[in-house]
Every structure is written in C-alpha cells, then in structure tokens.
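What follows is one structure encoded as structure tokens, with my remarks underneath.
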Amino acid sequence: MTRPGRRPPALWRRVVLICVAAISMSGCRGTPSPATAAAPPRNPVVQLQTDISALLADPALERAIWGIAVRSLASGNDLYSLGARKLLMPASAMKIVTLATAAERLGWDHTYETRVVAGGQISAGTLVGDLVIVGSGDPSLDDWDGAATRVFQSWARQLKAAGVTRITGGIVGDDKAFDEENLGAGWAWDDLGASYATGVGALQFNENTAQLVFAPGGTVDDPASVVVRPPQASLRFRSQVRTSPATQPAMVMIRPVPSSGVLELRGSVPLHGPPLIRNVSVGNPTQYFVNSVRATLVAEGIAVEGPAADIGEVTAAPSRPNAQVLIRHRSPPLSALAVTMMKLSQNLYAETLLKTLGAQSAGVGSTEAARTAALHVLEAWGLAPAQVQMADGSGLSRYNLVTPGALVDILVHVYRDERLRRPFQATLPVAGVDGTLAQRLKGTAAEGNALAKTGSILSARAVAGYVRTADAEPLAFVVIANNYGVSSDAIDKTADAIVVALAEFKR
C-alpha cells in the first residue's frame with residue numbers, strides 16, 4: 001500500500017497513463033463495445049463442395065463406395081472430386097465408353113447392311129438352291145409393332161420382281177460377321193433368361209427376344225398353359241407354373257437351367273385371371289431370324305421347300321464369292337440407333353455396337369478385337385489404359401471397371417469435338433423428360449437441363465453426363481456408387497441431389 005504524501009511508484013504511473021489514453025481515444029464515452037469484424041464472403045466452389053460432402057455424410061450411406069468427378073467445361077477446372085481415380089463398376093454408364101469410341105471409329109453415318117443372296121441359279125421363277133441372308137449385326141429389325149415383318153414382306157415383293165416364286169432349298173442365315181461368343185463375359189447366369197441379357201449376333205430379329213404368355217387352367221392347381229409369341233422363336237422350356245386361387249396375385253419366375261439352353265418356369269397365375277406376359281431372351285438369334293423370314297415368304301406366296309437354318313448347322317454351307325445379291329437392306333444410321341441404345345439403355349444395341357467395332361478393326365466381330373480398338377481410341381484421347389477395364393459394351397458385366405475420372409475425360413473430349421458433341425448429346429436421357437431419367441429430377445433446376453446416362457446393376461448405380469449451372473456454365477459430371485447397404489432408391493436420391501446442387505450452382 002502507498003503511504004500518504006508519497007508519489008505512486010513507476011508501475012502505477014504507467015497504468016494511469018494507459019487508462020487516461022484509453023478514455024481520451026474513446027471520446028470520453030465510457031467503456032467501448034468490442035468491434036465485430038464482417039465475415040469474408042464464402043467461396044462458391046468451396047460452398048458447393050461442402051454441400052455435396054454434406055449429402056454424402058448421411059450415416060445411412062457410410063458403407064457405400066462413392067466415386068464422383070465434376071469438371072467445368074468452360075475453365076477445365078475440377079469443381080469436385082471424390083474417389084475419382086478408383087476403379088468402380090459403372091453399370092450402364094459403360095455405354096458412354098462404347099458409344100464414344102464407336103462413333104469415333106465408325107462415324108455417325110454408319111449403317112448395317114443385310115444382304116439377301118441367291119445360293120444358286122434362278123430359272124423360270126425357281127431359285128435352285130438356298131436363299132442366303134448375310135447379316136452384319138443390324139439390331140433394328142424389331143417386330144413388336146410389325147415393322148420387321150413389313151420389311152420381310154417387302155423382300156418377298158422384291159424377290160417376285162426378280163423372278164423368284166419358288167426356292168428349292170431353304171433359308172440359310174449367314175452370321176459369320178460376328179464370332180460365336182454371343183454372351184458377355186461376367187454376365188450373371190440367372191440374368192440370361194431375361195430379355196435385357198439376350199445374346200448378340202450378326203442376324204438379329206425382334207431384339208432377340210420373345211414372349212411367354214401364361215394363362216390359368218380350368219381349376220385351381222391345374223397346369224397353366226404357356227404359349228410362345230411369335231411362334232418362330234425357338235425356345236425350350238420346362239414349366240411348373242400352376243393355377244392358383246383367384247385371390248392370389250400372379251407370380252412367375254423364369255430361370256435358365258445352366259448349360260442346357262432350357263428355361264425353367266415356376267410360379268402361379270390366378271384362376272380366371274388375364275394372361276400374364278413375360279419377355280425372355282432367345283438363345284439362337286440367327287435361327288430366330290431365318291425362321292421369321294421363311295414364315296413371311298411362305299405367307300406372301302413364295303414356296304420354300306427347305307427348312308430355315310443357321311449356317312453353322314448346315315453340312316454344305318453355300319458359297320458366296322460370285323453369288324447374286326438380290327436385296328440390300330440398310331438400317332438407320334448410328335446417330336439414330338444410338339438414341340434407342342442410350343435413352344432406353346438397350347443392352348443388345350450396345351453389345352452389337354461393340355462387336356461392330358471389332359469387325360471394323362479386325363474383320364470379325366469379336367469382343368476382344370473390339371476392346372483393343374476401343375482402348376486404342378481412348379489412349380489417343382490421352383486416357384491411361386489402366387483407367388478402363390472393359391468386359392462388354394452394355395455394362396451388364398460385373399467385370400467392367402472404370403474410374404470416374406476416365407468417364408469425365410471421355411465426356412469432356414466428346415464435348416470439345418464438334419464431330420461428336422451434338423449427336424452424342426442427342427442420345428442422352430433428359431432429366432424429367434425422357435428415357436431412363438423421365439421420372440427423375442422433376443421440378444428441380446436439373447429438369448430439362450441435365451443430359452445423362454444412368455446405370456443400374458446389383459450394388460452399382462451411376463449417373464453421368466452434362467448439366468448447366470445457374471450461370472449457364474456447362475459441366476461434365478460422373479456419380480457412381482458401389483457396394484452400398486441401402487436401397488437403390490436412396491442412392492438415386494442422393495445422386496439426384498448432387499445433380500441438383502450442380503444445376504443450382506452459381507459463381
């Protein structure tokens with residue numbers, strides 16, 4: 001304590017001076033309130049990244065493996081990246097690789113030619129020998145609306161115009177443009193009876209699918225009847241489908257019997273119920289094709305004395321070198337076929353396109369030759385081969401592995417190539433409008449904006465394509481999820497929320 005009459009020590013003098021100075025600077029208004037600094041504005045890209053990461057932080061998604069890549073097509077900068085270098089199953093997003101590389105090699109104007117060839121001499125209205133149909137893989141001779149039958153009817157008219165009203169031989173299908181491996185490597189055996197997993201061939205009719213029509217018997221527990229439609233489909237099946245009480249719903253399971261070519265049918269259809277229709281794959285596309293041609297020619301008044309046959313089953317295959325070509329039929333161009341392939345995620349079209357790529361590069365449509373050709377294209381575009389492990393063209397195989405970064409690189413290359421961009425974008429489903437995105441992203445900023453290919457197999461979901469931001473900045477994006485422990489709908493909702501975030505993004 002300081003005694004009276006003495007000067008305060010030096011320390012106290014300094015405290016007094018500091019206090020006086022502080023009061024003076026405050027304008028004698030007493031103790032000032034602490035100042036609050038304004039927060040700096042949040043970087044929009046950082047905010048976008050935070051928002052996407054928040055969507056993925058849902059505990060329900062913790063077991064999923066995510067691969068995401070988002071790139072600005074204006075600046076070339078990556079806006080978001082998560083697991084972009086991981087190899088993941090792309091499901092049907094694999095069709096992006098197939099279409100991009102095939103369009104580069106084949107061109108958007110590429111068409112498939114099917115030739116109708118005389119396997120012998122024509123004399124006095126008679127073709128002495130076989131009528132040979134030489135295929136190159138046209139997948140578009142679809143007959144669900146009768147279009148293929150009308151094509152075959154036109155062939156009958158052209159044959160008559162060429163003087164052919166009788167054929168002493170049969171109808172032979174020459175499918176040698178493609179190899180005999182008509183199923184993809186790594187396809188699940190229990191998918192093989194389904195119409196989405198049918199084999200591919202150089203001659204293809206009705207997308208190589210047919211229908212089984214089940215109708216109930218007269219009383220409960222009677223066997224259900226099974227009719228093949230169209231009847232030209234050479235299907236072998238074993239049915240244990242029975243008639244159930246009228247109150248029970250129809251339930252039919254179709255499974256291939258391994259290594260037999262036989263479909264096993266089990267289940268029930270309700271008494272007095274309407275027919276139940278199931279689409280199934282046809283094992284021998286070439287036989288299906290020539291059966292259908294023969295039936296149509298006969299119906300149109302051309303006598304065909306021999307059977308329809310796959311050239312691989314003919315003992316003495318007809319010679320072609322100097323054979324007379326009677327008819328040439330061309331498919332729509334690749335630009336049109338690719339719309340069906342991508343918007344509907346049509347696996348047969350994708351597998352056909354891959355085989356065609358192999359035929360163009362190696363002379364015979366093998367998957368191995370096609371993979372080599374596709375990877376050469378990707379290498380020329382600057383992609384490392386290790387980024388794309390291609391087992392098939394459709395994405396049905398679980399052996400397919402692609403990095404999200406590679407898919408974005410492909411999308412970016414296609415966008416910047418004026419030859420490829422517009423036709424490619426025209427094939428993609430439009431969010432909330434058509435294709436596999438018709439029922440998704442409605443009422444959002446992505447509706448009518450995002451163009452993207454979806455993908456779906458067990459434990460793999462994908463969506464990849466293009467979207468414009470709120471500033472009209474074009475982006476390429478890829479979202480893939482593998483090995484998730486929730487419903488596929490939950491994965492799709494998260495992926496959709498990411499696409500919406502991109503569409504709402506504003507710099």
Side-chain angles (χ1 to χ4, degrees), residues 91-99 101-103 106 110-112 114 135-145 147-148 151 173 175 177-188 191-211 230 232-235 254 256 263 278-290 292 331-359 365-367 370 374 390-397 400 427 429 435-436 453-457:
S92 278
M94 192 69 187
K95 292 181 175 73
I96 291 173
V97 181
T98 303
L99 180 56
T101 55
L106 304 175
H110 176 83
T111 59
Y112 292 90
T114 304
S136 64
D138 184 356
S140 68
L141 286 164
D142 189 341
D143 207 45
W144 294 122
D145 60 355
V151 170
D175 57 5
F178 290 177
D179 68 4
E180 294 297 320
E181 295 293 331
N182 67 347
L183 299 176
W187 287 9
D191 281 341
L192 298 183
S195 59
Y196 58 80
T198 189
V200 63
L203 286 168
Q204 307 187 111
F205 173 74
N206 218 24
E207 297 178 349
N208 299 344
T209 63
Q211 292 181 333
Q232 293 84 14
S234 50
L235 290 177
I254 301 172
L263 296 176
R278 290 286 185 266
N279 292 342
V280 294
S281 63
V282 176
N284 186 331
T286 300
Q287 188 66 53
Y288 190 18
F289 190 101
V290 292
S292 301
S331 73
L334 174 57
S335 57
L337 298 176
V339 172
T340 298
M341 169 181 155
M342 298 294 271
K343 286 190 181 289
L344 302 184
S345 203
Q346 225 293 348
N347 291 336
L348 175 71
Y349 278 53
E351 297 303 329
T352 300
L353 197 52
L354 187 67
K355 291 269 190 176
T356 306
L357 187 57
S366 72
T367 303
M390 195 174 196
D392 68 13
S394 64
L396 190 59
S397 174
N400 290 312
T427 72
T436 56
K453 183 71 197 75
T454 59
S456 173
I457 57 175

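Positions are given from 1, in the same order as the sequence printed here.
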Under 3.5 Å donor-acceptor, S92 side chain and G395 backbone: no

T286 vs D175, side-chain hydrogen bond (donor to acceptor under 3.5 Å, both in side chains): CA-CA, chis, key distance, verdict: CA-CA 7 Å; T286 300; D175 57 5; 2.7 Å; yes

Gap between atom CE of M341 and atom OG1 of T352 - 0.5 Å precision: 9.5 Å

Closest non-hydrogen atom pair between A147 and D145, with its separation: N-OD1, 3.1 Å

Name of the residue among T367, N347, N400 meeting side chain to side chain donor-acceptor pair (under 3.5 Å) with D392: N400

Side chain Q232, main chain Y288, donor-acceptor under 3.5 Å: no

Between CG on residue L344 and CD on residue E207, distance to nearest 0.5 Å: 8.5 Å

Heavy-atom donor-acceptor pair, Y196 side chain to D191 backbone, under 3.5 Å: no

Side-chain donor or acceptor of S397 paired with backbone N/O of A185 under 3.5 Å: yes

Side-chain heavy-atom pair M94, L396 within 4.5 angstrom cut-off: no

Donor + acceptor pair across side chains of T436, T454 (<3.5 Å): yes

Donor-acceptor contact below 3.5 Å, side chain D138 vs main chain Q204: no

Donor-acceptor contact below 3.5 Å, side chain E351 vs main chain S394: yes

Between OG on residue S366 and CD on residue E180, distance to nearest 0.5 Å: 12.5 Å

Atom pair NZ (K355) and CD (E181), whose distance is rounded to the nearest 0.5 Å: 7.0 Å

Worked check of side-chain contact (heavy atoms from CB on, under 4.5 Å) between L141 and L203: CA-CA 9 Å; L141 286 164; L203 286 168; over 6 Å; no

Test item: side-chain donor near acceptor, N279 and S195, under 3.5 Å: no

Short side-chain to backbone donor-acceptor contact, N206 and D143, under 3.5 Å: yes

Working for side-chain contact (heavy atoms from CB on, under 4.5 Å), residues F178 and T356: CA-CA 8 Å; F178 290 177; T356 306; 3.8 Å; yes

M342 backbone acceptor or donor facing S345 side chain under 3.5 Å: no

Nearest heavy atoms of T209 and W144, plus distance in Å: OG1-CZ2, 3.1 Å

Main-chain N/O of A374 paired to T101 side chain as donor or acceptor, under 3.5 Å: no

Interatomic spacing from CD in Q346 to NZ in K95 - rounded to 0.5 Å: 8.0 Å

Rounded distance (nearest 0.5 Å) linking atom CG of N284 with atom OG of S234: 5.5 Å

Closest heavy-atom pair and its distance - L353, A102: CG-CB, 3.6 Å

Closest heavy-atom pair and its distance - L183, A197: CD2-O, 4.1 Å

Verdict with reasoning, K453 to L99, per side-chain contact (heavy atoms from CB on, under 4.5 Å): CA-CA 11 Å; K453 183 71 197 75; L99 180 56; over 6 Å; no

Nearest atoms (heavy-atom pairs only) where L192 meets P256: CB-CG, 4.1 Å

L337 to S140 - nearest heavy-atom pair and separation: CD2-CB, 3.7 Å

